[in-house]
Amino acid sequence: MGNVLLERDEALAEAAKAGESARSGNGRWVLFGAATGMGRTALLEEVVRREANDGGMRVLHACCSPEESEFPFALVRQIFSEAEGGGGDEGDVIPFTDPPADEEQRIFHRLVIALARTAGRRPVLLAVDDLHDADPVSRRWIGYLARRLAGLPVLLVLTECHEKAVTSLPGATGTSVPLRPLGPAAVARLAHTDPTRSRGHGADTAELCVQASAGNPALVHALLADLREGPPPGRLSDLAGRRYRNAIGHWLRARATPRSHRVALALAVAGSGPAALGGALLHEAAGLGPAGTSAPCPLLSHPLAREAVLAAADPAELDALRRRIARLLDEHGAPAAHVAAHLLHIDRPGEEWMTQSLEDAAEDAVRDGRTDEATALLRHALTAPLSPGRRAGLALRLAALELPLSTDAGIRRLRAALELHADDHERAAVAPALGAALVARGRTDTAMHVMRHVGSGLGDDEVVHVLQTTAAVMASHDAVAWRNAVARMRELAATAPLTIEPLACGLVTEYEAGAGRLSVAEVLTHVLPRLKAPVDSRIRTAWLGSAATLLQWADRLDEARALADECLPAPPALPDLTDIGRQCLISVRAEAALWAGDFRRVIAENTPLLDACAGQGIRMPHVVSMVALAHHELGHRTHARRLVAALDEVSADSSWEWNELRYARAVMHTAEGSWQDALDDYLSCGRGQSARDFVSPVATPWRSGAALALVGLGQPARALDLAEEELRHARTWGTPRAVGRALRAHGVATGCRRGLDSLHEAVAVLRQAPAPVELIETLLDLGHARIAAGNGRKGRDDLYEAHTLALRLLSPDPAGRLVRATENALRTGGARRANRVATGSAALTGAERRIVELAATGQTNTEIGAALHLARRTVETHLTNAYRKLGVTRRTQLASRLDGAGTVPASVAGDVAALA
């Protein structure tokens, strides 16, 4: 009992003072007012114990109860039954009905006289517990008595729940003592002296009790009793016992006033997060009218207490309250997420504003990358009574979120959306999304059937053209369908409306470029003007996907990425995979970053999507390949192999994406020296590309890779055949990247002096391209070839330059594949002198600096030679050395390097010096 009375010294002292006054003949009253569970009864019993033992007072005890609150004089009858030993004249005058006013006064007077007579023999302590539950007549008599205590040896000690206080007592003869919640120190003391401490979680217990009890002793003890059976919980359902929950539930159902009941429910529903209600809004939500305020309840700031209140509440009452709170928040302009947080708990959001709030909150969640939350919101919105069109629109949006997580679930949702529409135009709006999902699932033939079926019932030529061009993009994932689609696009490009023609032309251009019939210059004349032309909004992303693909092949990487970034959200938000154009743009964004050597960007932008697709989601072989190659370049070989191995090629179709996967796998085998495995994958990629009429090396230069593998296997003649064929196609296309790669393979396969010439040309060509990986690899081959030919000095210069570029490419963590390869090359090439790695503008010789300064202004090599009276070959040699020292690959980068920006740190130079 003593533990409950922590921090009750003031109340006990007030009672002792009043008792001393009563014993001296001057009666006093003391009222202990507090909320339920604050220890009113325990305090009253302690006062009774002290006054009966130490003060020698006679105790008359009465306890009120709600069950007797309707019986007149029920409390009085308890008192005088004890006073007279169960009978007497006073008992005879106490009626069982509510008397008239004049008769009530006579009864009250006689009862006071009787009490005075009893107190005259021995001072009396009249202890009344829970006065708020007393019958009205008895409460009036208590007030009558309190006004006449001055001349009586009577101590009147009462307890009352302040939430239900109705009795008014005169201040002249007594005082009210409010019982405040226990402070954190007192609660912690209770917790630390409890047996739960021996279970090894005393500190956690103390903290939980402080927060989840709000200083209420009854709740502290209930919680401690529950914790004896288990550790501190995270949720109410984790609490081992049920005493804490029952204590709060009992108060809510039986002890709380109607006002307190409503406020507690409103606080519990509103919670304590950003959507919490306060002030007048909480007052109105609790159903207390539009004016006024309600003070926050410290107890309900803890989730355990809120959960306990919600568990004890009537479900229908909670549902109505949540609807009221959601509407109030919506009317007051709260964020959609705050409104939706309450609507999620309603069985069926039956009004349009509710559905709209859920949809708006879902869109916000999508933008923030909270896909699971957005999915839950849209699923709940679909439980509302909706028109077919509204339901189809929500189903379409939900399918876009479900598709990465579960392809089959997304497809089912899209089929349902398609079937909801009876109108052909509305079906035509849904069909491309279903087709894109089916393509992503590897079911291109089914996608084509859906597009044809929906288009066959249309009489609108413009919509038919939209479906045809969109279907042609999907057809690129199937070799046979792709040829047929291109044939239709050729016909359509000549007759289609101006807003449809760019996509039809773009698709034909893709095919012709892959078939080796167009040069990069010709492709750009097709693409660039059409980027400025108007395009139908329904095919805009598909057109941008085609244009971005061609720009990427043309080494216009920044422009290709810009088109992708225009349509794709930034991570961690996931792109809409029900849009076939966005599927294409995802691939372009990833591959353009990979080609530019921005490996970390490839991983950062695409890992959230791949993580979402893990399990039952879309396989996305091309994006997996790009991320795997990025990890491979950064030195994460095990992770890279695991990524490609996770794709089951047994179910692979003829989509170009699987050819990209085979090529990526071959590249990794090549880096590891697994020549036969590499050759097998390169040739498999070649067969897949040939089946699609794709012979150009612009996307997957499999012949160059196979040639290098064949050289590794000791078959240079066969390698040379492939390399020469590759070089012929590369020169037709004409980008420095494609030509440089092919020249490298040709040089390695040829060997001897002719091979050196090809490698030297390859380096010169690749310096003009945004192709850092290809340049470094070619420099390594050139350096090895020169050293083998007896020109060790120039060969090591090539290796040093390759190493410098590799360090710069992989900064700030230079631990990737190319750094390891260049370090090994320097060791085997006999590198000795640390000063050969001097880099930056300070490392330039006087002649090199003069030439670089002129080149940075845009002058050609011929113009520089004429100005400085040097041979063009000399200018080229100086520029080559300057490129290596400045760590650049293009003329346009020279100006930014002249001031020393981007120089390799001294620690890097030291690493190279240590190679000797």
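These values consider heavy atoms only, across backbone and side chains, with no hydrogens, waters or symmetry-generated copies.
No side-chain donor-acceptor contact under 3.5 Å links Glu510 and Thr549.
For Ala596, the side-chain contact (heavy atoms from CB on, under 4.5 Å) test picks out Leu557, with sequence neighbours left out. Shown here are the side-chain contact (heavy atoms from CB on, under 4.5 Å) partners of Ala664, two or more places apart in sequence or in another chain: Ser625, Leu629. Arg582 pairs by the salt bridge (charged side-chain N to carboxylate O under 4.0 Å, His left out) definition with Asp579, not counting sequence neighbours. Taking the side-chain contact (heavy atoms from CB on, under 4.5 Å) definition, one finds that Ala564 meets it with Leu568, Leu585, Arg589, sequence neighbours left out. Applying the ring pair (Phe, Tyr, Trp, His ring centres under 6.0 Å) test to His477 and every residue at least two apart in sequence or in another chain returns Trp656. Applying the side-chain contact (heavy atoms from CB on, under 4.5 Å) criterion to Ala699, with sequence neighbours excluded, gives Trp553, Glu660, Phe694.
The existence of a salt bridge linking Arg737 and Glu774 is confirmed by a sub-4.0 Å separation between a basic side-chain nitrogen and an acidic carboxylate oxygen. A salt bridge links Arg753 with Asp757: at least one charged nitrogen is closer than 4.0 Å to a carboxylate oxygen. The residues Glu501 and Arg530 are annotated as salt-bridged, a charged nitrogen and a carboxylate oxygen being separated by less than 4.0 angstrom. In summary, Arg872 and Glu876 engage in a salt bridge, as defined by a charged side-chain N under 4.0 Å from a carboxylate O.
Checked against Asp798 for a side chain to side chain donor-acceptor pair (under 3.5 Å), the options Arg786, His784, His803 give a single hit: Arg786.
Within a 6.0 Å radius of CG in Asp558, no more than 12 heavy atoms belonging to other residues, nucleotides or ligands are found. More than 12 heavy atoms of other shown residues, nucleotides or ligands fall within 6.0 angstrom of atom CZ in Arg891.
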